[in-house]
Amino acid sequence: MTTTVPRFEELAAPSHWRTVDFISDLHLQASEPATVAAFEHYLTTTTADALFILGDLFEVWVGDDAMGESGSFEAEGCAALRAAGQRLPVYFMHGNRDFLAGPGFLAQCGITGLADPTVLVFGGQRFVLSHGDLLCLDDVEYQRFRVQARSAEWQQQFLAQPLATRRAQARGIRQESEARKQSGVTYADVDGPAAITWLQAAQAHTLIHGHTHRPADHVLAPGLQRVVLSDWDAAALPPRAETLRLSQTGLERRSLTPKYSRS
């Protein structure tokens with residue numbers, strides 16, 4: 001399967017930014033309170049000048065109206081983001097789990113939407129930011145679904161259903177996903193030649209993405225690399241909760257040690 005080179009949005013970092021953090025694939029959900037607590041702690045303590053969330057912040061997002069449900073998990077998550085957004089700029093890119101997060105979500109949380117892909121210009125260098133799913137070309141079935149699910153018609157039909165129905169469907173999706181993971185199915189990885197094509201088209205040297213849950217640094221070609229973000233699971237042994245920090249000295253993985261519990 002081949003992919004066309006997408007249109008790249010561009011964001012120039014303000015001159016006063018010294019450090020930028022990237023995270024993805026937290027898959028926040030009420031059933032995993034340790035990860036939620038670790039994220040909330042990070043939001044209140046980070047010293048970064050800006051935060052870029054590159055998709056799958058939530059395990060699932062069934063529609064912006066879920067935030068209006070009293071005491072909902074979505075409302076709590078939005079409140080944490082809104083508080084963080086008052087301290088530092090927060091940018092949000094859709095993933096394959098939270099692609100239905102819409103303008104209402106961004107407005108209520110006080111954060112900025114980010115196109116996939118986006119070129120970040122920082123310190124005179126260009127970085128391509130993406131969730132990463134669009135580059136997993138071998139997952140043909142998913143790529144077909146992605147096209148369908150990103151269509152206005154599909155989204156309108158899904159969001160027209162009652163919230164309770166959407167939540168039930170989301171539970172079914174999570175159960176299917178968990179069963180697939182337990183079966184040992186190998187997920188497709190980012191296509192190397194496609195990643196090189198993106199970087200060359202964007203005149204960038206580094207692709208930063210998540211989605212695959214395989215944190216690593218890959219040399220694609222001389223002077224070209226892709227850096228894969230870690231997923232988060234604060235209840236795992238050892239716990240996984242990592243940010244990728246960009247500064248004038250380069251990229252650095254920063255491991256958090258979440259030992260927090262929600263009261």
Side-chain angles (χ1 to χ4, degrees), residues 19-64 66-101 104-106 108-112 114 131 167 170-171 173-175 177-178 181-182 208 210-215 228-246 252-263:
T19 56
V20 173
D21 279 357
F22 304 97
I23 60 175
S24 73
D25 300 281
L26 279 68
H27 293 266
L28 298 177
Q29 51 191 310
S31 60
E32 297 188 1
T35 301
V36 174
F39 178 57
E40 291 177 346
H41 180 81
Y42 164 76
L43 288 179
T44 60
T45 59
T46 180
T47 58
D49 294 308
L51 170 62
F52 287 78
I53 303 170
L54 301 187
D56 284 2
L57 175 62
F58 297 97
E59 171 67 7
V60 67
W61 191 263
V62 295
D64 292 354
M67 294 183 294
E69 194 173 61
S70 179
S72 71
F73 180 76
E74 292 85 354
E76 292 183 9
C78 186
L81 286 169
R82 184 167 57 251
Q86 294 171 352
R87 293 199 311 111
L88 75 162
V90 178
Y91 297 86
F92 172 83
M93 179 181 288
H94 291 117
N96 55 294
R97 297 299 187 95
D98 48 21
F99 64 89
L100 285 171
F105 164 75
L106 298 174
Q108 190 162 330
C109 295
I111 61 179
T112 303
L114 203 64
H131 178 56
R167 288 197 184 282
R171 286 193 294 272
I173 292 171
R174 286 199 298 269
Q175 290 169 358
S177 176
E178 187 61 30
K181 284 191 294 184
Q182 295 299 326
I208 299 173
H211 181 63
T212 64
H213 297 203
R214 301 172 188 173
V228 188
L229 302 172
S230 173
D231 64 324
W232 284 36
D233 185 349
L237 295 175
R240 298 191 305 276
E242 181 182 276
T243 65
L244 180 70
R245 174 158 292 186
L246 173 62
E252 174 194 9
R253 294 185 185 273
R254 298 168 62 92
S255 180
L256 309 178
T257 53
K259 299 177 181 178
Y260 320 110
S261 61
R262 304 190 71 174
S263 56

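Every value quoted in this text rests on a predicted model; they were computed, and no experiment measured them.
In this structure, the side chains of Leu51 and Leu88 come closer than 4.5 Å at one or more pairs of heavy atoms. Between Glu40 and Thr44 there is no side-chain heavy-atom pair separated by less than 4.5 Å. For the pair Ile23/Leu54, no side-chain contact is recorded, criterion being any heavy-atom separation below 4.5 Å from C-beta on. In this structure the side chain of Leu244 never reaches within 4.5 angstrom of the side chain of Arg254, judged on heavy atoms. Contact of the Leu114 side chain with the Phe92 side chain is not registered, since no non-hydrogen atoms from C-beta on lie closer than 4.5 Å. Using a 4.5 Å heavy-atom cutoff, the side chains of Phe105 and Met67 are in contact. Using a 4.5 Å heavy-atom threshold, the side chains of Gln29 and Arg97 count as separate. In this structure, Thr112 and Leu106 have side chains that are not in contact, with every pair of non-hydrogen atoms separated by 4.5 Å or more.
Take Ser70 and apply the side-chain hydrogen bond (donor to acceptor under 3.5 Å, both in side chains) test, not counting sequence neighbours, and it matches no residue. With sequence neighbours excluded, the residues that form a side-chain hydrogen bond (donor to acceptor under 3.5 Å, both in side chains) with Glu242 are Arg253. The side-chain hydrogen bond (donor to acceptor under 3.5 Å, both in side chains) check on Arg87 picks up nothing, with sequence neighbours excluded. Partners of Phe52 under the ring pair (Phe, Tyr, Trp, His ring centres under 6.0 Å) rule, at least two apart in sequence or in another chain, are Phe22, Tyr91. For His94, there are no side-chain hydrogen bond (donor to acceptor under 3.5 Å, both in side chains) partners two or more places apart in sequence or in a different chain. Every residue meeting the side-chain contact (heavy atoms from CB on, under 4.5 Å) condition with Ser72, not counting sequence neighbours, appears here in chain and number order: Glu69, Glu74, Ala75, Arg167.
For the residue pair Asp25/His211, the side-chain donor-acceptor check at 3.5 Å is not satisfied.
Atoms CD1 and NE2, on Ile208 and His131 in that order, are 15.0 Å from each other to the nearest 0.5 Å. To the nearest 0.5 Å, atom CG of residue Asp64 and atom CG of residue Leu100 are 8.5 Å apart. Taking CD of Gln108 as the reference point, atom SG of Cys78 lies at 4.5 Å (rounded to 0.5 Å). To the nearest 0.5 Å, atoms CG (Leu229) and CG (Leu26) are separated by 10.0 Å. Atoms OG and CG, from Ser24 and Asp56 in turn, are 7.5 Å apart once rounded to the nearest 0.5 Å. Here the CG-OG1 distance, from Asp233 to Thr35, works out to 5.0 Å after rounding to the nearest 0.5 Å.
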**Message:** Using the rule given for side chain to side chain contact (heavy atoms under 4.5 Å, CB included), can you reason through Thr46 versus Thr243, listing the C-alpha separation, both sets of side-chain angles and the distance that settles it, and then say yes or no?
**Reply:** CA-CA 10 Å; Thr46 180; Thr243 65; over 6 Å; no
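A donor-acceptor contact shorter than 3.5 Å links the side chain of Asp98 to the backbone of Phe58. At least one donor-acceptor pair closer than 3.5 Å links the side chain of Thr45 to the backbone N or O of His41.
The pair Asp21-Arg245 meets the salt-bridge criterion, with a side-chain N (NZ, NE, NH1 or NH2) lying under 4.0 Å from an Asp/Glu carboxylate O.
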